[in-house]
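Order of appearance sets the numbers: ligands from 1, and atoms from 1 within every ligand. Along the sequence shown, residues are numbered consecutively beginning with 1.
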Amino acid sequence: VKKGTATLANLRSPSAIANGVVQRGVGSDDYPCNDDGNDCTDIFAVSILGVSPSAFITWFQAQQAAANSGKRLLTNAEWQMAAAGTPDPGNTPGASDCATNSGGADTGTRSNCVSRFGVFDMVGNFFEWVADWVPLSTTCPPPLFAGDLNCLAGASTTSGPGALIRGGDFLSSTSAGVFAVTGSGKPSSAFSSVGFRCGR
Ligand SMILES: [Ca+2]
Ligand SMILES: [Ca+2]
Ligand SMILES: [Ca+2]
């Protein structure tokens with residue numbers, strides 16, 4: 001995983017399974033470390049074509065999984081750049097379009113859901129943690145473009161912080177998109193439709 005060469009066959013081989021290799025965060029919060037990430041020495045991050053993304057992971061855990069793998073969370077600005085040009089199908093996606101109004105899709109299987117930089121699934125499917133923190137958001141002003149979620153306002157004075165989440169999910173419909181952003185999730189929280197992606 002650290003070298004970027006791990007295949008699905010590697011990870012599902014009998015020897016890997018015997019050594020305890022297992023995908024976490026598919027259907028339940030089963031991470032073997034605390035939500036604060038402080039003891040997350042044994043989780044790793046890898047994106048593999050045709051495999052369901054992991055969710056139920058806190059920002060703290062995602063950051064540690066990335067670091068353990070020689071990777072890191074994207075900044076908000078990097079995420080925005082990488083997502084540019086991804087077609088936004090709104091509430092009526094076709095079978096090859098971004099998963100914005102359906103169940104979750106396996107990684108990279110929606111052939112139209114690719115940015116001009118060749119990055120898949122940034123619109124819809126699973127929301128994605130990015131690196132940046134903000135005061136916890138409590139309000140959603142009108143969208144900038146394409147109905148995309150815009151919940152980065154109303155700094156809480158009673159709770160927080162928030163960590164930014166991007167892109168929308170498989171049920172977001174028109175509110176998914178390359179401009180979709182929310183600061184209403186704490187870095188200590190886990191959600192069934194929020195995963196993450198890494199950069200190196
Ligand atoms: Ca947890
Ligand atoms: Ca996504
Ligand atoms: Ca949209």
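No other N/O/S atom of Glu128 lies as close to the Ca ion (ligand 2) as OE2 does. Residue-level check: among N/O/S atoms of Asp29, OD2 sits closest to the Ca ion (ligand 1). Within Asp35, the N, O or S atom lying nearest to the Ca ion (ligand 1) carries the name OD1. Nearest N, O or S atom of Asp121 to the Ca ion (ligand 2): atom O.
Annotation: side chain to side chain contact (heavy atoms under 4.5 Å, CB included) contacts of Ala82 (sequence neighbours excluded): Val119, Met122. The salt bridge (charged side-chain N to carboxylate O under 4.0 Å, His left out) search around Arg116 returns none, not counting sequence neighbours.
Using a cut-off of 3.0 Å, one finds that Gly167 contributes no N/O/S atom close to the Ca ion (ligand 2). For the Ca ion (ligand 2), the set of nearby N, O or S atoms under 3.0 Å includes one belonging to Gly124.
Checking Thr7 against Asn10 by side-chain atom types alone, a donor-acceptor pair falls below 3.5 Å. With 3.5 Å as the limit, one finds a donor-acceptor pair spanning the side chains of Asn112 and Asp97.
Considering CG of Asn19 and OG of Ser13, their distance stands at 8.0 Å, rounded to 0.5 Å.
Contact annotation: the side chain of Thr100 never approaches that of Asn91 to less than 4.5 Å [non-hydrogen atoms, C-beta and beyond].
For residues 170-200, there are no disulfide bond (SG atoms under 2.5 Å apart) pairs, not counting sequence neighbours.
Protein N/O/S atoms closer than 3.0 Å to the Ca ion (ligand 3), listed by chain and residue number, are Asp88 OD2, Ala146 O, Asp148 OD1, Thr174 O, Ala176 O.
The heavy-atom pair separating Arg197 from Phe120 by the smallest distance is NH2-O, 2.8 Å.
Between Trp133 and Phe60, the angle of the ring planes goes over 60°, which puts this pair in the perpendicular group of the 30/60° scheme.
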